[in-house]
Amino acid sequence: MEDGVKKFLYVNRKAPYGTIYALEALEVVLIGAAFDQDVSLAFLDDGVFQLTKGQDTKEIGVKNFSPTFRALGDYEVTKLYVEKESLDERGLTADDLQDITYEDEDDDWAEKPSILIVSRSEMADVMAGQDVILSF
Amino acid sequence: MKFGVVVSEGPYTHQASDTAYHFVTAALAAGHEVPRVFFYHDGVNVGTRLSIPPQDERNIQQQWSALAKEHGTDLVICIAAAQRRGLLDKNEAERQGKDADNIAEGFRISGLGQLIEMAIDADRLMTFGD
């Protein structure tokens with residue numbers, strides 16, 4: 001930890017709908033972005049469904065909040081770790097996920113992907129390197 | 001050590017708020033600090049003063065209120081989660097034109113910033129959920 005900046009990891013394990021955890025986790029991420037911390041998000045287990053493209057919630061009467069993930073770059077939240085094994089176990093691939101990017105201010109505002117697909121053991125390393133883990 | 005504590009499940013349905021309470025009392029007894037507990041998701045329901053559990057059961061809200069009184073622990077209920085679930089303090093009830101408020105003694109309603117602030121300030125953050 002340097003200069004009062006902590007490494008925050010928000011762990012998303014649940015499907016986007018069916019329970020409110022995913023939506024309320026995203027609300028914490030958005031508020032937390034104002035605190036200038038080093039923020040990452042992790043998606044594993046059913047949490048990988050949160051990032052899928054083409055979500056349509058009309059028939060279940062709840063808000064489709066998936067477009068918000070594409071706005072995270074504007075909040076300087078640019079590291080979205082997705083566990084490969086969780087995708088595989090659910091028959092998903094990287095192509096099923098939304099195209100989420102950010103503009104890198106240290107690289108002439110080049111557009112770069114925010115989603116980083118990592119293995120289960122790499123995800124363990126990501127978690128081990130954090131100061132604060134909030135699990136949803 | 002200074003702990004931050006998050007309670008993210010409601011009382012009685014889940015063990016989480018009981019376990020959090022036992023953790024906090026044990027930590028304080030061992031000489032650690034727990035300046036704040038943050039209630040999120042259905043955890044906000046711990047802070048209603050209108051629950052009436054059977055007399056031979058523990059009263060989760062009263063346990064927390066007594067802990068706050070004895071140790072000065074700051075019990076914070078997330079306002080966004082609370083409004084969805086019908087938890088209101090007096091000011092918020094008036095502001096929203098509601099005819100009742102239901103926040104128990106020792107609890108207060110505030111924003112998610114209090115959660116982040118607690119996580120930054122604490123040596124270790126503990127989450128009690130499902």
Side-chain angles (χ1 to χ4, degrees), chain A residues 1-42 44-47 50 57 60-63 65 68 72 75-77 79 126-136, chain B residues 1-11 13-17 19-20 23 32-47 76-87 108-130:
Chain A
M1 183 181 130
E2 51 180 83
D3 304 334
V5 174
K6 282 192 170 180
K7 296 186 71 157
F8 272 66
L9 179 70
Y10 297 93
V11 179
N12 297 281
R13 291 178 177 275
K14 299 199 168 72
Y17 312 104
T19 66
I20 201 169
Y21 299 103
L23 173 62
E24 288 192 332
L26 198 50
E27 290 181 352
V28 180
V29 173
L30 295 175
I31 297 287
F35 284 76
D36 294 328
Q37 302 294 303
D38 180 355
V39 173
S40 305
L41 272 60
L44 54 155
D45 301 341
D46 280 348
Q50 293 181 29
T57 59
I60 57 170
V62 294
K63 189 165 100 180
F65 61 88
T68 309
L72 287 177
Y75 291 83
E76 292 178 36
V77 176
K79 290 171 284 188
V126 169
M127 289 184 176
Q130 304 297 321
D131 297 307
V132 175
I133 295 184
L134 281 156
S135 191
F136 296 94
Chain B
M1 182 175 276
K2 192 191 286 183
F3 287 102
V5 172
V6 182
V7 176
S8 62
E9 291 294 347
T13 307
H14 293 265
Q15 182 75 23
S17 62
T19 311
F23 174 82
H32 298 294
E33 294 173 66
V34 188
R36 179 178 294 162
V37 178
F38 192 87
F39 296 85
Y40 197 45
H41 301 311
D42 279 357
V44 299
N45 290 308
V46 170
V76 180
I77 295 172
C78 169
I79 187 162
Q83 287 187 333
R84 283 197 178 100
R85 295 164 176 85
L87 273 283
R108 69 186 176 95
I109 287 186
S110 191
L112 280 166
Q114 304 273 308
L115 166 60
I116 307 297
E117 194 185 275
M118 176 177 78
I120 294 170
D121 183 52
D123 298 313
R124 189 160 295 178
L125 186 75
M126 303 290 291
T127 303
F128 295 86
D130 203 10

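Within every chain, numbering begins at 1; the chains are lettered A, B, ... in the order of the sequence lines, protein sequences first and strands thereafter. This structure is a prediction, so every number in the text was calculated from the model and none was measured.
- Annotation: side chain to side chain donor-acceptor pair (under 3.5 Å) contacts involving residues 110-119 of chain B, sequence neighbours excluded, comprise B:R36-B:Q114, B:R36-B:E117, B:R108-B:Q114.
- Both the backbone and the side chain of A:Y21 come within less than 4.5 Å of a heavy atom of chain B.
- Ring centroids of A:Y17 and A:F65 are separated by less than 6.0 Å, placing the two rings close together.
- Residue A:L30: no heavy atom, backbone or side chain, is found under 4.5 Å from chain B.
- For the pair A:E27 and A:K63, the salt-bridge criterion is not met [side-chain N within less than 4.0 Å of a carboxylate O].
- Contact annotation for A:V28: both backbone and side-chain heavy atoms come within less than 4.5 Å of a heavy atom of chain B.
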Without placing hydrogens or testing angles, list every side-chain donor-acceptor pair under 3.5 Å for residues 123-130 of chain B, not counting sequence neighbours.
from, atom 1, to, atom 2, distance (Å)
B:D123, OD2, B:K2, N, 2.7

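- The contact between A:Q37 and chain B is made entirely by side chain atoms (from C-beta outward), counting heavy-atom distances below 4.5 Å.
- Both the backbone and the side chain of B:L112 come within contact range of chain A, each with at least one heavy atom under 4.5 Å from a heavy atom of that chain.
- Taking the six-membered ring for Trp and the full ring otherwise, the centers of A:F8 and A:F35 sit at least 6.0 Å from each other.
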